[in-house]
2 protein chains.
Amino acid sequence: MAASPKDPRPCSIADALALVGEKYSLLVLREVCLGNGRFDQLVRNTGAPRDVLATRLRRLVDAGILAKRLYSERPQRFEYRPTRAGLELEPVLLTLKDWGDRHLRQDGDLPMLLDHSCGETFVPVVTCRACGGEARHEGLTARPQTPGWTVSGPTAA
Amino acid sequence: MAASPKDPRPCSIADALALVGEKYSLLVLREVCLGNGRFDQLVRNTGAPRDVLATRLRRLVDAGILAKRLYSERPQRFEYRPTRAGLELEPVLLTLKDWGDRHLRQDGDLPMLLDHSCGETFVPVVTCRACGGEARHEGLTARPQTPGWTVSGPTAA
DNA sequence: TTCGTAAGTTGGAAATTCAAACCCTCCCGT
DNA sequence: ACGGGAGGGTTTGAATTTCCAACTTACGAA
């Protein structure tokens, strides 16, 4: 069956959000990346209801973003850890955190700081792999690859 | 009233997701950043139901992420555009798109390419503002600023 | 034996989502 | 004047999800 006229734009952002865009999923990933991968920790730290958490964890494991690891037999107890693919979502968390730090809080009451191995406090900058320059909206041009899906020129503020 | 024992971890990621983490919100931002800011374009390109879209748009405007702009009086017609704060969420979209491109598609069937002003195809890299090095999980140490909220050491794959 | 911990599952009420239809204002062609 | 059609929503009612509390299972400790 072909694309119906009501299909949305084909897009990797949409596909990614279909996996990790549900409520709590990225908070779960945050905790797991912080090393807090046990069920009860995830409940406490994310605020997710236990049943929703169980559903999210199944989905993230199925998607290959998290892996379940046994940390105790008798009684059997598991903990969740990020896979390679999960760790590669960390840049999304870092840029989101930075945005929240800058726009949703005044000044210095940041709930968490990150130290980089270079010795300084970590602040993320998104750069171009080719030239190393910081990504700016005006420097980017979208080129849709699917016939029928266009964009409407640049958007100035 | 103090923090009840069931409050989740204070976190800018959580705060950011409370604003833009609902279904369709980031897709709306994507379209608006592409210059497709009209209601019917947003319906078609994101797939959001019209009522949900109206709710999301109100929220994003209230949050100062989008602004409503009149592009025609008589009949009055509006279009939505990103504010400065909205544009600053673009790095989140860029890193999410890159993750989706790399993990959710095989090979070269990418639905959209970005050209950078340097002349090359744009691929995002998240780097440290201080040293310029690429952000890697092992190079980052989380330092929670709120008493009672800890992390459990590094997480290796 | 009873308590406590960890990792879920279950049941039912409450909140959201969805699709389709509807509304209102205007512009246009005849 | 009349009948579309476009654009930007709102309304309605059914289908899904979410939420919360309680329950379960499997152990280890006192």
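Order of the sequence lines sets the chain letters (A, B, ...), proteins ahead of strands, with each chain counted from 1.
- Summarising the geometry, the separation between CD on A:Glu73 and P on D:dT25 is reported as 22 Å, rounded to the nearest angstrom.
- Nearest-nucleotide positions on DNA chain D place B:Phe39 closer to the 5' end than the other of A:Arg50 and B:Phe39.
- Counting only heavy atoms from C-beta on, A:Arg58 has its side chain closest to C:dT9 among D:dT18, C:dT9, C:dT17.
- Rounded to whole Å, atom C1' of D:dG9 lies 16 Å from atom CD of B:Glu79.
- Of the possible polar contacts, one joining the B:Thr127 side chain to the A:Val125 backbone as a donor-acceptor pair under 3.5 Å is found.
- At the phosphate of D:dG8, neither OP1 nor OP2 sits under 4.0 Å from any side-chain N or O atom of B:Lys68.
- In the displayed structure, A:Arg105 atom CZ is contacted under 6.0 Å by more than 12 heavy atoms of other residues, nucleotides or ligands.
- Distances shown here put every side-chain N or O of A:Arg44 at or beyond 4.0 Å from the OP1 or OP2 atom of C:dT5.
- Distance alone, capped at 3.5 Å, places no donor-acceptor pair between the B:Ser25 side chain and the B:Gly21 backbone.
- Under a hydrophobic clustering in which Ile, Leu, Val, Met, Phe, Trp and Tyr are joined whenever their side-chain heavy atoms come within less than 4.5 Å, directly or via other members, A:Trp149 and B:Leu34 fall into different clusters.
- Between the side chain of B:Asp51 and the base of C:dA19, a donor-acceptor pair under 3.5 Å is found.
- An OP1 or OP2 oxygen of D:dC19 is reached within less than 4.0 angstrom by a side-chain nitrogen or oxygen of A:Tyr24.
- Rounding to whole angstrom units, CG of residue A:Leu42 and C1' of C:dG8 are separated by 13 Å.
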List every contact pair, protein side and nucleotides 26-30 of chain D side both N or O, where the distance is under 3.5 Å.
unit_1: D:dC27; atom_1: OP1; unit_2: A:Arg74; atom_2: NH1; d: 3.3
unit_1: D:dC27; atom_1: OP1; unit_2: A:Arg74; atom_2: NH2; d: 3.3

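- A straight line from CZ of A:Arg69 to C1' of C:dA6 spans 18 Å, rounded to a whole angstrom.
- Separating the CD atom of A:Glu31 from the P atom of C:dA7 is a distance of 14 Å, rounded to the nearest angstrom.
- Taking atom CG on A:Leu53 and atom P on D:dA21, their separation rounds to 16 Å, with Å as the unit.
- The shortest distance between side-chain heavy atoms of A:Leu96 and B:Ser12 does not fall below 4.5 Å.
- Residue B:Tyr80 has no polar side-chain atom (N or O) positioned under 4.0 Å from OP1 or OP2 of D:dG7.
- For the pair B:Gln41 CD and D:dG9 C1', the interatomic distance rounds to 15 Å; values are reported in whole Å.
- C:dA7 atom P lies 11 Å from atom CG of A:Leu57, rounded to whole Å.
- Across D:dC19, D:dT18, D:dG8, the shortest atom-to-atom separation from the side chain of A:Arg56 is found for D:dT18.
- Results of the side-chain contact (heavy atoms from CB on, under 4.5 Å) test with B:Arg9 over A:Thr46, A:Asn36, A:Leu27 single out A:Asn36 as the only residue that passes.
- In this structure a side-chain-to-backbone donor-acceptor pair under 3.5 Å is present from B:Trp99 to A:Ala85.
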